[in-house]
Amino acid sequence: MQVLVGGLTVGAVYALVALGMSLIFSISGVINLAQGGFVVLAALLAVALQGHLGLPLAADLALVIAIMVVLLAAVERVVVRPAVHRGNNERVLLVTVGLLQATGGLLLVAWGNLPYTMRPFNGTQSLHVAGASVPTQTLWVLGALVLAVLGLWWLLNRTDIGLTLRATAAKPDAARLMGVDVDRMRLISFSVSGFMAALAGVTIIPLTFAGYDTTTPYAVNGFIAAVLGGLGRLWGAVAGGLILGLLNALFGRFLSGTLAQVVAIGILILVLLVRPTGLFGASESRR
Amino acid sequence: MAVPRWANFLVIAGVFYLVVLGLDVLMGQTGQVSLGQTTFMALGAYGGGLLSLKVGWPTAAAAVAALAASIVLAVALGKTLLRLRGYYLALATLGLAVITQGLATSLVDVTGGPSGLVGIPNLTIGPLTFADDTSNYYLVAVLCIAACWFSRNLTRSQTGRALAAIAADQTAAAMLGVDPAAYKTRAFVLSAAYASVAGSVYAYYFRFFSPDMVGVVVAFSLVVMLGLGGSRSLIGPLLGVLLLQLIPQGGQRIAIFEPLIAGIILIVVMTYLPTGLWGGIRQLPWALRRAMTSR
């Protein structure tokens, strides 16, 4: 049970990363590998703002979320949009790899090469549920995922912008013909994923250490989760992330950490071979 | 060919050039994104190293055995993985890269774990032992020239044209009688062979090998080197390798800015020079003419 809790926690972070990636992919066909880097950036921002400005927790979180939303919009405008207009998907993927690298580089320059962490929001006592010790911070992480999922559902299904987003995701060319500004939709999707990266970063940082070199695992695992769930399928991304986290934790119980990850990924590759478009992806008849 | 003072740097660059040339066969010529080159580098390096260190085989024979194992693995993996397309293939090969690094790290009894495999002997072919920078530089240079010759002939051959057809439109190629699965597997095997040989040479040169040398970061940087330099060419990969290897040489004072600079270079080149640095350089005459005549 303890193992499940740990797995769900990590899985929730992967799910948030995957959700951002899947959302951006469904709107624009771009896989934003830099999501992993943005999670760490959000985490370190939260630490820095709390440390240097002495902000109370709520203000700290709100500020980080606001910064990330604006930053991702700027990133889309300055980095991604020119790349999308000029190149094909492969090129844009490499651009996001460069973005991931640059984010890590920025973290190194601004925060140095030491890892950081933060005190848990509600102190260090744990709850005891069904024989497992659950740190209260875990509830924050899971709560963040629930908030993100509900917020996204509300945005997509209950607002006009959401309707436009869904239309663009379904058929970008048709949407463009109907006068939808696809660039703007992509910008919005980037901002929303910035929101999710912020949620992920600030809630997980009290439970782990983060630094300039911890970006790659989040990016890799988020990507794996997003593809596993079927690219563009938002529920799939959530499921993919949680499953990946749980698999890692379950195998970590019996094998060393690295070997557990190897087995988990091996299983995922097998899944891909059986269902080439992911667990929940649509079966594509075209290439 | 004179041996510059930076022979050590050039040996490493040469090893990576071999691997990236192999990757170009798969990505540049056949259009399949693959993060799996490190898997075969690891096989070549650990295979050759272990066979010669722990089992006592002559190094050349060990490298050939590792190459054979890589080819067998590539055939098996090719038949299964190459059914996937686009991002899904990238993901599966990314999984390979993660598994490679993971196995190299955790199978401590076999691979020496994170601290690596030490005491690998230098390569010996007949009476020649490649122990120092100079001899390894020549070895790598010869291998690279051979690889370039092979790649160039491949591009101009029927197989090369088949690969290009598959890269352009797999379904159309199939309709024209090109068997995508067979050719893709062939390309995969070829790139694995390049990587395996490069890995063996790498291990014999350093007399040491560790999981970091074939980690996920390395797998990504191989793709970056190819994209940065320009695929479907011989000079492109070389430019990419040199550029990415040169950045860390910049010196201690800018060391902290290296990842940031590397990332920004990648972003800028990929956005404004989609055919890579070499592609951009080749198009320079046309670009200049266009700039001067558009008034």
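Here is how names work: the chains are called A, B, and so on, in the same order as the sequence lines, proteins then strands, and each is numbered from 1.
- Distance check: A:Ile265 CD1 to B:Leu94 CG gives 7.0 Å after rounding to the nearest 0.5 Å.
- For A:His52, the NE2 atom counts as loosely surrounded, since its 6.0 Å shell holds 12 or fewer non-hydrogen atoms of other residues, nucleotides or ligands.
- Two residues are said to be in side-chain contact when any heavy atoms from C-beta on lie closer than 4.5 Å; B:Val98 and A:Val220 meet this criterion.
- Between A:Gln101 and B:Ala262 the shortest heavy-atom distance is NE2-CB, 3.7 Å.
- Looking at A:Leu270, there are no atoms closer than 4.5 Å to chain B (heavy atoms on both sides), in backbone or side chain.
- Annotation for B:Pro259 and A:Gly105: closest pair CB-CA, 3.6 Å, computed over non-hydrogen atoms.
- Residues A:Leu273 and B:Leu84 have side chains in contact (heavy-atom distance under 4.5 Å, counting atoms from C-beta outward).
- By the 4.5 Å heavy-atom criterion applied to side chains, A:Arg86 and B:Thr271 are counted as neighbours.
- Ranked by heavy-atom pairs shorter than 4.5 Å toward chain B, the options A:Val80, A:Leu99, A:Leu108 are led by A:Leu108.
- Using a 4.5 Å cut-off between heavy atoms, B:Phe220 contacts chain A through its side chain alone, with no backbone atom that close.
- When heavy atoms are compared at a cutoff of 4.5 Å, B:Thr105 approaches chain A solely by way of its side chain, counted from C-beta outward.
- The nearest pair of heavy atoms linking A:Leu106 to B:Leu260 is N-CD1, 3.8 Å.
- To the nearest 0.5 Å, the span separating CD1 on B:Ile256 from CG on A:Asn113 amounts to 7.0 Å.
- Proximity to chain A involves both the backbone and the side chain of B:Ile267, based on heavy atoms less than 4.5 angstrom apart.
- At least one side-chain heavy atom of A:Ile269 sits less than 4.5 Å from a side-chain heavy atom of B:Ile99.
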A:Val95 vs B:Leu266, test: side chain to side chain contact (heavy atoms under 4.5 Å, CB included). Steps then yes/no. CA-CA 7 Å; A:Val95 167; B:Leu266 184 57; over 6 Å; no
Just do the side chain to side chain contact (heavy atoms under 4.5 Å, CB included) check on B:Val223 and A:Leu94 with the steps written out, would you? CA-CA 8 Å; B:Val223 175; A:Leu94 285 176; 3.7 Å; yes
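- Counting heavy atoms from C-beta on, the side chains of B:Leu91 and A:Ile224 come closer than 4.5 Å.
- Contacts between B:Thr93 and chain A at a heavy-atom distance below 4.5 Å are absent for every atom of the residue.
- Looking at A:Phe25, the atoms closer than 4.5 Å to chain B (heavy atoms on both sides) all sit in the side chain, from C-beta outward.
- With a threshold of 4.5 angstrom between heavy atoms, B:Leu81 approaches chain A through its backbone and through its side chain.
- With a threshold of 4.5 angstrom between heavy atoms, A:Leu107 does not approach chain B through any atom at all.
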